[in-house]
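Here is the naming used below: chain letters follow the sequence lines, and residue numbers restart at 1 for every chain. Only a predicted model underlies this, so the values are computations on that prediction, with no experimental measurement involved.
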Amino acid sequence: MRHVAFNGEYVRAAAASGVRHDGRGVATAGEVEVRLIRGEGVSVAEVALQSGSRVVCSVTCGLVAPDAARPLEGRVSVSVEASVLATDGGSGGPRPHWVVEVEQLVSRLVRDCDVVDRDALCVVAGEWVWSVRCDVHILAKRGNAADAAVLAAVAALRHVRRGRVERLEDGAVRTRGLDEDPEPQGLPLLHVPLNATLAVLDLEAPVLVVDPTEAENAAALAIFCVAMTPHHRICAFQKMGGAPVEADLCLQS
Amino acid sequence: MDVWFDVSGLRKDGRKPRELRAMDVKLGGPKPPNVDGCAWLRMGLTSVLAHCIGPSETKRRSDEVQDAARVSCTVVRGRREDPELATTVVRTLETAVLVDAFPRATISVVLHVLADEGSRLACCLNAASLALVDAGIPMRDCLGAAAAGLVADEVFFDLTRDEERRASAKARFTVAVLPRSRRVVSAHLDGAPLETSTFEKLLSRAIDAATLAANRLAQATRDHVGEAIQMRDATAATPPSRTNGRSTDTEEVVLLEKMIYDVKSAYFASFLSSSKHLPTTDEVVEALGDIKKKTPGLSPEDLAAALRTKYPSWLLDDMNWTELAEKMGD
């Protein structure tokens, strides 16, 4: 377990002055590095934030039989796991709360918020539908792992390509390989949400800090997660604990 | 397309758009020996049973928090546990409970979702907060939670399952607030993307709904305590008779008294009268004596003003002034 003492006073004072403790402005996000790899019906996105968080997400598509209750809808599943290094070396036992929170956020965005159009994943009604698995692995957590996880998941979902489906003469179904398909399909995405984590560092004179570092996370009194589409529509909003005033919420948009 | 209103503008279950479902609260009562607080809450047809254990010693050393109590929660839904719901409840309760009062201890809450007919998360949060109240754990405020959702472009409070399913196509907001300050402890938005203006509207409506729910819970708690006090006074007035030959009567009274709240505790008073409490005359006499000693020669008006500024949480208006005057001797 890493024992790090953060100087909360210093971090707060720095943010209040307008220049944060790592030299960024209050509303400036850190640098992001994204790497994408693609295979047949598989894509992997690796996201590394300036703060040191690293997340890998792999998206897998395959043909399966649909759920009996929903013969016209494809399947979308999300799982979030944290590596042993990210969970402070604690293995076994229940998953830590922050992993559950990240999973809640990612699955809310990808599944409940209809980012993937499930109706469009249907191939033959009641027989074949696409199943999309989205596995997020958090390799290192140094502040703002939630943003990294959402970004990795969305990047991998956009990057994946699947071959067109053909019906053979005997009625079976076959997917074309990427090498024989000149134009492989992407996934039917209805909108592309991006997440922003905001940390409230001071209640008297509210300072909202975008993309908090680990030290700012520790010093924060409350943390918001807001996911928006490029058209400034809010997809998800999560706030756990803390006690801010309502005016803060209007501020961020 | 379903009809969500009939001609009179009511919902399918006969409620107005901004009306909560009927609430049924049962605080305390018989409970397992290791459980400190217990509450059963029914909101419409959704019902949740909550048990609170603690503050007690933390079982594993590695789980201890040095300067605060740890809040843990288990939510049982049907046969399975629901870790997502539990995480939300823990995060919310952590800010409502005065965790600094019990360093290194654990306060654990066990919730059983007995029936889910919509607004499950709100019902769980409310039940958990009631169980904490029953266990006598000091809190900032009696937490209240409620859901508000957009159904057919109208904001509905406290959604049923049927409405929830429709609302998920639009949006629904579950908010937990501390009613006195109207501060939001936790907020969760589900559903389709929203315009910013709609978002703000929905959020403020959801806060209204949660405040409404919190007030109802507080009222239910007050009613419960009133009954308990009446019961105690009644049993004190008629001492247990042994004429019917049953020797268990005294045990029953002892049990009854155990169930009744310790109404003299400071925590309890602070909960009941919004952090203000009625000082005893002796306390006031002592405080006035202190002030006189420090600054002699004050007029009675100045004395009263000094007392008010020194103890802002005292309910001085409800004091028994004649008794005080007798004790002071002037």
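Between the CD atom in A/Glu101 and the OG1 atom in B/Thr88 there is a gap of 7.5 Å [rounded to 0.5 Å]. Rounded to the nearest 0.5 Å, atoms NE2 (A/His97) and CD (B/Glu94) are 6.5 Å apart. Atom CG of B/Leu203 is separated from atom CZ of A/Phe237 by 6.5 Å, given to the nearest 0.5 angstrom.
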Tell me which donor-acceptor pairs under 3.5 Å the side chains of residues 185-196 of chain A have, and how far apart each pair is, sequence neighbours excluded?
| residue | atom | partner | partner atom | Å |
| --- | --- | --- | --- | --- |
| A/His191 | NE2 | A/Cys113 | O | 3.3 |
| A/Asn195 | ND2 | A/Asp147 | OD1 | 2.8 |

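In this structure, chain A has a heavy atom under 4.5 Å from the side chain of B/Val90, while its backbone stays farther away.
You'll find the side chain of A/Ile234 stays beyond 4.5 Å of the side chain of B/Glu195, heavy atoms only. Between A/Gln238 and B/Leu189, every side-chain heavy-atom pair lies at or beyond the 4.5 Å cut-off.
Surrounding CZ of B/Arg216 are more than 12 heavy atoms belonging to other residues, nucleotides or ligands, all under 6.0 Å away.
Closest non-hydrogen pair, B/Glu84 versus A/Val100, comes out as CA-CG1, 3.7 Å.
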